[in-house]
Visitor: 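Before I ask anything, let me first share the structure, which is written out below as structure tokens.
In each ligand, atom 1 is the first atom listed, and ligand 1 is the first ligand listed. No experiment lies behind these values; they were computed from the predicted model shown.
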Amino acid sequence: MDKLIIKGGKELFGSVEIGGAKNAAVAVLPAAIMASKSICVIDNIPEIEDIQCEERIIESLGCKITRVKNSVTIDSTMLKSVKADTDDVRKMRASYYLIGALLGRFKKASVELPGGCPIGVRPIDQHIKGFEALGARVNIEHGTIIVEADRLIGTNIYFDVVSVGATINVMLAATLAEGTTVLENAAKEPHVVDVANFLNTMGANIKGAGTDVIRIVGVKELIGCNYSVIPDQIEAGTYMVAAAACGGSVTINNVIPKHLESISAKLVEMGAEVIELDDSVTVKSKKNLKGVNIKTLPYPGFPTDVQQPMSTLLCVSQGRSIINESIFECRFKHIDELKKMGAHIKVEGRIAIIDGVKKLTGAVVKASDLRAGAAMVIAGLIAEGSTEVTSIEHIDRGYPHIENKFKALGADIVRASQD
Ligand code: EPZ
């Protein structure tokens, strides 16, 4: 197990390259196995643990995967098994996309229930509602979800909750169903659109992704294709917040500024300067920003995945800030770690009340989950003295080369063995 040792107080200057979107890539790879007679070559796949984990799962099904840096080739022509039951399945949330992909291609799947960040109950009832609406029988036995259908028939499905996972998972299965499926109250995240675009490149017939109504006309088969995943909105947002917190001037390259609008707007509201170009944003900050209120919402609202990094910035902003985490019921595990560094925060259910302090002081803190880990790295970057962030395997799930990227911006940060 590794840790990061950070000496805080350095301003950040320079530029950082953003990788492919984790939450798109972890859905595109399972979608690729729906091509039964040809291969997919997918570029801009991030080098993160969740992807390596998912590649192992897909290989365990009988697919052939080769990777050259950020480009992954998937050959699913020999795919036979519909049973994903390795330990890796339980290590991440997105392994459940294999259900929709296998159900679409083979009309059956048997996948261990997923793992993922401990940020709430994270039920899958909306996924099940969608699969059953398409005609599948769904059973959960011994921690495994087993789905099978004689036929998948298109239908209208209204999601009771806006769910990224359910929207993508049911879209996967509906792509190869007979007839038309209409998903209502669908999630609109950029990664939902990216998966729909990938499926259409494979020959699917999907319209409306990015709105709350997605229309899918089932096709007979999907053909392998070449594709490139969109940039990671959340990785980009994390570096934007870090730049605002540390002070200085950082250009975040290889982004889609439109996807970052809610984050840019909040940083401007706090007194930072955000300059948008075609595929980059530059954040300039003199620190000591004004506190603001944040309510996390489905896209295009403020993303819940940037809430934790943002809470660190609010700890050293002026005045009182209120965070309303409306998506997940338990996404404040990092608050106790921030308090060890001198933060003044009161948590009441899904509300965090933050009173800005002059400075944080270095301490030994832990990463409780992926985005909490990012929040603690930012805390270390701005704290007086030295901070050790432990359990950084959580961070490695979603942030490629995090210490190298911050070091290149001027931070004093090194990776060391936790032992
Ligand atoms: C995806 O999780 C992301 N993960 C999460 O990012 C992200 O926080 C979340 O979407 C919201 O944007 C991946 O894409 C792999 P949801 P997902 O289904 O799909 C409830 C990260 O840090 N719900 O949109 O699991 C659920 O409890 C990770 O990269 C149901 O009630 O999120 C939550 O309150 C963390 N029933 C809300 O909906 C269901 O069947 C949104 O969850 C499904 C979800």
Visitor: If only side-chain N and O atoms count, and only distance matters, is there a donor-acceptor pair under 3.5 Å linking N324 with S326?
Guide: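 N324 and S326 do not have a side-chain donor-acceptor pair below 3.5 Å.
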Visitor: Considering both backbone and side-chain atoms of D125, is one of its nitrogen or oxygen atoms within less than 3.5 Å of a nitrogen or oxygen in ligand 1?
Guide: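 Yes, at least one N or O pair falls under 3.5 Å.
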Visitor: Decide whether an N or O pair under 3.5 Å exists between E329 and ligand 1.
Guide: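 Between E329 and ligand 1 (N or O atoms, distance only) the closest approach is not under 3.5 Å.
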Visitor: Could you check whether the rings of Y96 and H127 sit parallel, tilted or perpendicular, using 30° and 60° as the cut-offs?
Guide: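 Y96 and H127: tilted rings.
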Visitor: Kindly give the heavy-atom pair with the smallest separation between I323 and S311, and that separation in Å.
Guide: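 Answer, listing the atom of I323 first, then S311: CD1-CB, 3.5 Å.
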Visitor: Using a heavy-atom cut-off of under 4.0 Å, does the side chain or the backbone of H394 touch ligand 1, or both, or neither?
Guide: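 No part of H394 comes within reach of ligand 1.
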Visitor: In this structure, does ligand 1 have an atom that sits under 4.0 Å from one of the heavy atoms of I327?
Guide: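 It does; at least one heavy atom falls under 4.0 Å.
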Visitor: Among all protein heavy atoms in this structure, tell me which lies nearest to atom 11 (C) of ligand 1, with the distance rounded to 0.1 Å.
Guide: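 Atom 11 (C) of ligand 1 sits closest to the protein heavy atom T304 CG2, 3.9 Å.
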Visitor: Should the proximity of F159 to ligand 1, defined as any heavy atom under 4.0 Å, be assigned to the side chain, the backbone, both, or neither?
Guide: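 None of F159 does.
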Visitor: Using 30° and 60° as the class limits, which term best fits the ring planes of Y239 and F406: parallel, tilted or perpendicular?
Guide: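 Tilted, since the angle between the ring planes falls between 30° and 60°.
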Visitor: Check each atom of ligand 1 against the heavy atoms of Q126 and keep those under 4.0 Å away; list them by number with element.
Guide: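 The atoms of ligand 1 under 4.0 Å from a heavy atom of Q126 are 36 (N), 39 (C), 40 (O).
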Visitor: Against heavy atoms of Y96, which atoms of ligand 1 measure under 4.0 Å?
Guide: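 By the 4.0 Å cutoff, the relevant atoms are 17 (P), 19 (O), 25 (O).
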Visitor: Working to the nearest 0.5 angstrom, can you tell me the gap between R371 CZ and Q308 CD?
Guide: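 Between atom CZ of R371 and atom CD of Q308 there are 8.5 Å.
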Visitor: Specify side chain, backbone, both or neither for I119, according to which of its non-hydrogen atoms lie closer than 4.0 Å to ligand 1.
Guide: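 Looking at I119 and ligand 1, just side chain atoms fall under 4.0 Å.
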Visitor: Of all heavy-atom pairs between M34 and A101, which one has the smallest distance, and what is that distance?
Guide: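 Shortest heavy-atom contact: CG-O, 3.6 Å.
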Visitor: List every atom of ligand 1 that sits less than 4.0 Å from any heavy atom of R93, numbering the atoms from 1 in the order shown and giving each element.
Guide: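 Atoms satisfying the 4.0 Å criterion: 25 (O).
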Visitor: Is it true that a side-chain atom of K91 and a backbone atom of E49 form a donor plus acceptor pair closer than 3.5 Å?
Guide: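 Between the backbone of E49 and the side chain of K91 there is no qualifying donor-acceptor contact (under 3.5 Å).
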Visitor: Side chain, backbone, both or neither: which part of V161 comes within less than 4.0 Å of ligand 1 when only heavy atoms are counted?
Guide: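 V161 to ligand 1: side-chain contact only, backbone stays beyond 4.0 Å.
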Visitor: Any idea which part of S163 is under 4.0 Å from ligand 1, heavy-atom wise: side chain, backbone, both or neither?
Guide: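 S163 to ligand 1: contacts from backbone and side chain alike.
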Visitor: Residue-level breakdown please: for H127 versus ligand 1, do any non-hydrogen atoms fall below 4.0 Å on the side chain, on the backbone, on both, or on neither?
Guide: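 Both of them.
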Visitor: Could you tell me, atom by atom, which parts of ligand 1 come under 4.0 Å of a heavy atom of K22?
Guide: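 Under 4.0 Å from K22, ligand 1 has these atoms: 21 (C), 29 (O).
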Visitor: Where is the nearest protein heavy atom to atom 14 (O) of ligand 1: which residue, which atom, and how far?
Guide: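 Answer for atom 14 (O) of ligand 1: N23 CG, 3.2 Å.
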Visitor: Looking only at protein heavy atoms, identify the closest one to atom 8 (O) of ligand 1 and say how far it is in Å.
Guide: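 The protein heavy atom lying closest is D305 OD1, 2.5 Å.
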Visitor: So does E403 pair up with R415, basic N to acidic O under 4.0 Å?
Guide: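 Salt bridge between E403 and R415, a charged N being under 4.0 Å from a carboxylate O: yes.
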Visitor: Check for me whether I234 has a heavy atom closer than 4.0 Å to any atom of ligand 1.
Guide: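 No heavy atom of I234 comes that close to ligand 1.
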Visitor: At under 4.0 Å between heavy atoms, which part of R371 makes contact with ligand 1: side chain, backbone, both or neither?
Guide: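 Answer for R371: side chain.
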Visitor: Per the side chain to side chain contact (heavy atoms under 4.5 Å, CB included) rule, which among I275, T251, I18, V16 passes with S280?
Guide: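 Of I275, T251, I18, V16, side chain to side chain contact (heavy atoms under 4.5 Å, CB included) with S280 is met by T251 alone.
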Visitor: For D160, does its backbone N or O pair with a side-chain atom of Q126 as donor and acceptor, under 3.5 Å?
Guide: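 Yes, the answer is positive, given that a donor and an acceptor are paired below the 3.5 Å cut-off.
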Visitor: Taking non-hydrogen atoms only, is P123 closer than 4.0 angstrom to ligand 1 via side chain, backbone, both or neither?
Guide: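 Both parts.
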Visitor: Using a 4.0 Å cutoff against the non-hydrogen atoms of R122, which atoms of ligand 1 qualify?
Guide: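 Checking each atom against R122, I get 2 (O), 17 (P), 25 (O), 27 (O), 35 (C).
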Visitor: Between ligand 1 and R397, can you find any atom pair, the residue atom being a heavy atom, that is separated by under 4.0 Å?
Guide: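 Heavy atoms of R397 never come under 4.0 Å of ligand 1.
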Visitor: In the protein, what heavy atom is nearest to atom 32 (O) of ligand 1, and what distance, to one decimal place, separates them?
Guide: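 Nearest protein contact, heavy atoms only, for atom 32 (O) of ligand 1 is F328 CZ, 3.9 Å.
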Visitor: What protein heavy atom sits nearest atom 19 (O) of ligand 1, and how far away is it?
Guide: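 Residue, atom and distance for the closest contact: G165 N, 2.9 Å.
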Visitor: For T181, which of I214, I157, N156 qualifies under side chain to side chain contact (heavy atoms under 4.5 Å, CB included)?
Guide: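 Only one option passes, and that is I157.
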Visitor: Taking only heavy atoms of R331 into account, list the atoms of ligand 1 that are under 4.0 Å away from them.
Guide: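 Checking each atom against R331, I get 8 (O), 22 (O), 35 (C).
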Visitor: Return the CE to OG distance between M270 and S321, rounded to the nearest 0.5 Å.
Guide: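 One gets 6.0 Å once the value is rounded to the nearest 0.5 Å.
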Visitor: List the closest protein heavy-atom neighbour of atom 16 (P) of ligand 1: residue, atom name, distance to the nearest 0.1 Å.
Guide: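 For atom 16 (P) of ligand 1, the nearest protein heavy atom is V164 N, 3.7 Å.
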Visitor: Give a yes-or-no answer on whether the side chains of T86 and R56 include a donor-acceptor pair shorter than 3.5 Å.
Guide: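 No donor-acceptor contact under 3.5 Å links the two side chains.
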Visitor: Quick check for you: to the nearest 0.5 Å, what is the distance between I6 atom CD1 and M376 atom CE?
Guide: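 Answer rounded to 0.5 Å: 9.0 Å.
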Visitor: For residues I345 and C315, report the shortest heavy-atom separation together with the two atoms involved.
Guide: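 Answer, listing the atom of I345 first, then C315: CD1-SG, 3.6 Å.
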